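Notes to accompany the following structure.
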Amino acid sequence: MTLYPKLIMDALATVRYPGNGKNLVEADMVDDNMRIDGMNVSFSLTFEKPTDPFMKSVIKAAEKAIHTYVSPDVQVTISTVSRQAARPEVGKLLPQVKNVIAVSSGKGGVGKSTVAANLAVSLSKLGYKVGLLDADIFGPSMPKMFQVEDARPYAESIDGRDLIVPVEKYGIKLLSIGFFVDPNQATLWRGSMASNALKQLIADAAWGELDYFILDTPPGTSDIHLTLVQTLAITGAVIVSTPQQVALADARKGINMYTNDKVNVPILGLVENMAWFTPAELPENKYYLFGKEGVKTLAEEMNVPLIGQIPVVQSICENGDKGTPAALEENSITGQAFMELAKNVVEQTEKRNAERPATHIVEIKK
């Protein structure tokens, strides 16, 4: 039997690409590099993206079509090309980002997202270029905290790739899974789905040049945290806790997660949130509702810096709910507390960078 290109093309015309319903020839997916040598045929199939979800099944279907409609004796070699540039390798992600800061807590309800949002705003007010990723896949709160719940990020072609353009508010570049899911529905994803979504928000977004990239991580220790440390060179972690003993117990676990030999991410410092209650009409008074200086004691015990103490003031909750972070009011009690936190984060970051100039991607040991 003699092979010739039309036989192969006719066979490939029976295979449909699931993405648009067109056959491979009609969709112009068969490259013009076909080579035939006896009963050997080789060619390339062109896909829009290197991560096309149908790539493997289409290649298998193309091979089967040639064996069915031409001959089972044909030796088929199919390579792939993509119209879009490939995603950079993990170690080369976000080359324009100088510092990646993970804001974490051992448990929920301690105000971690509030601290992350206000830290980002305060850093921006200090003149730094800041990005904020809401990595809390199952409880995204940043869209509400920045009053951008109706925002719908779009994709833009940049350097041969379709990249998500972050929402910008208060001078901060912001992305959250909350922009892409129904806020009234639970996000019922397995760990791998959540991790893949997070990787896309990191690697397939136009973050550009940033001095600080703040990660608002989920509470506790989970797959998401491992995905982050395996995907990004994290400069350091900020651990948030209230002074209560029940919260401190979980904060210890959070510290251990980052500092154990499998992860080895430096702790920039601890933040004591809800450190005391101060009435607006009595700004000099302090009432210790959740215990006194519990996080300060933990910081001394764990030999890490205490970089912030944030008081309980009614306006923090009100500002968070209406999308105007408290740090925007520089002269308020909370605005000053968050500005002090930001300055301490900068100081600790510069100190860590001086001690360890070469950042690295963590490879989790089995």
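Every value quoted in this text rests on a predicted model; they were computed, and no experiment measured them.
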Subject >> Gap between atom CG of Asp250 and atom CD1 of Ile239 - 0.5 Å precision >> reply: 11.5 Å
Subject >> Within 6.0 angstrom of Asn33 CG, more than 12 heavy atoms from elsewhere >> reply: yes
Original post:
Any side-chain heavy atom of Ile8 within less than 4.5 Å of one from Ile66?
Top reply: yes
Subject >> Full working for salt bridge (Lys or Arg N to Asp or Glu O under 4.0 Å) between Lys98 and Asp211 >> reply: CA-CA 5 Å; Lys98 296 178 182 177; Asp211 296 307; 3.3 Å; yes
Original post:
When hydrophobic residues are tied together by side-chain contacts of less than 4.5 Å, even through go-betweens, does Leu94 share a cluster with Val265?
Top reply: yes
**OP:** May I ask you to check whether over 12 heavy atoms, not counting those of Asn285, lie within 6.0 Å of atom CG?
**Re:** yes
**OP:** Scan side-chain atoms only and decide if Tyr128 and Asn99 contain a donor-acceptor pair under the 3.5 Å cut-off.
**Re:** no
**OP:** Would you give the length of the straight line joining atom CG of Asp31 to atom OG of Ser42, rounded to the nearest 0.5 angstrom?
**Re:** 11.0 Å
**OP:** Indicate whether any N or O donor in one side chain lies under 3.5 Å from an N or O acceptor in the other, for Thr14 and Tyr69.
**Re:** no
Original post:
Is the backbone of Ala120 close enough, under 3.5 Å, to the side chain of Ser124 for a donor and an acceptor to pair up by distance?
Top reply: no
Subject >> Greater than 12 external heavy atoms within 6.0 Å of Glu26's CD >> reply: yes
Report all side-chain donor-acceptor pairs from residues 134-142 shorter than 3.5 Å, counting only partners two or more places apart or in another chain.
{"residue": "Asp134", "atom": "OD1", "partner": "Asp136", "partner atom": "N", "Å": "3.3"}
{"residue": "Asp134", "atom": "OD2", "partner": "Ser141", "partner atom": "N", "Å": "3.0"}
{"residue": "Asp134", "atom": "OD2", "partner": "Met142", "partner atom": "N", "Å": "3.1"}
{"residue": "Asp134", "atom": "OD2", "partner": "Ser176", "partner atom": "OG", "Å": "3.0"}
{"residue": "Asp136", "atom": "OD1", "partner": "Gly139", "partner atom": "N", "Å": "3.3"}
{"residue": "Ser141", "atom": "OG", "partner": "Ser113", "partner atom": "OG", "Å": "3.4"}

Original post:
Does Asn273 reach the main-chain N or O of Val240 with its side chain, forming a donor-acceptor pair under 3.5 Å?
Top reply: no
Original post:
Thr242 and Ala247: which non-hydrogen atoms are nearest, and at how many Å?
Top reply: OG1-CB, 3.3 Å
Original post:
Sub-3.5 Å donor-acceptor pair from the side chain of Glu168 to the main-chain atoms of Lys173, do we have one?
Top reply: no
Subject >> Residue Asn331 excluded, over 12 heavy atoms near CG under 6.0 Å >> reply: no
**OP:** Report the C-alpha distance between Leu163 and Glu156 in whole Å, list the side-chain angles of each, state the deciding distance to 0.1 Å, and finish with yes or no for side chain to side chain contact (heavy atoms under 4.5 Å, CB included).
**Re:** CA-CA 5 Å; Leu163 298 179; Glu156 187 176 292; 6.0 Å; no
Original post:
Between the main-chain N or O of Asn256 and the side-chain N or O of Asn260, is there a donor-acceptor pair closer than 3.5 Å?
Top reply: yes
**OP:** Kindly compute the distance separating CE (Met257) from OG1 (Thr259), expressed to the nearest 0.5 Å.
**Re:** 9.5 Å
Original post:
Hey, quick one: are Leu328 and Leu132 part of the same hydrophobic cluster, counting side-chain heavy atoms closer than 4.5 Å, chains of contacts allowed?
Top reply: yes
Subject >> Minimum heavy-atom distance between Ala11 and Val70, given as atom pair plus value >> reply: CB-CG2, 4.0 Å
Original post:
Run the side chain to side chain contact (heavy atoms under 4.5 Å, CB included) check on Thr334 and Glu329 step by step: do they pass?
Top reply: CA-CA 8 Å; Thr334 50; Glu329 301 174 10; 5.9 Å; no
Original post:
Taking it one step at a time, do Lys49 and Phe47 satisfy side chain to side chain contact (heavy atoms under 4.5 Å, CB included)?
Top reply: CA-CA 6 Å; Lys49 299 180 180 180; Phe47 294 85; over 6 Å; no
Original post:
Does a side-chain heavy-atom distance below 4.5 Å link Pro153 with Leu175?
Top reply: yes
Original post:
Under a 4.5 Å cut-off applied to non-hydrogen side-chain atoms, are Leu24 and Tyr17 in contact?
Top reply: yes
Original post:
Do side-chain atoms of Glu272 reach the backbone of Gly294 as a donor and acceptor pair under 3.5 angstrom?
Top reply: yes
Original post:
So, does Lys112 use its side chain to make a donor-acceptor pair with the main chain of Thr217 at under 3.5 Å?
Top reply: yes
Original post:
Under 3.5 Å, is there a donor-acceptor pair between the Thr349 and Thr235 side chains?
Top reply: no
Original post:
Taking the six-membered ring for Trp, are Tyr170 and Phe146 parallel (under 30°), tilted (30 to 60°) or perpendicular (over 60°)?
Top reply: tilted
Original post:
Just by distance, do the side chain of Gln309 and the backbone of Ala275 share a donor-acceptor pair under 3.5 Å?
Top reply: no
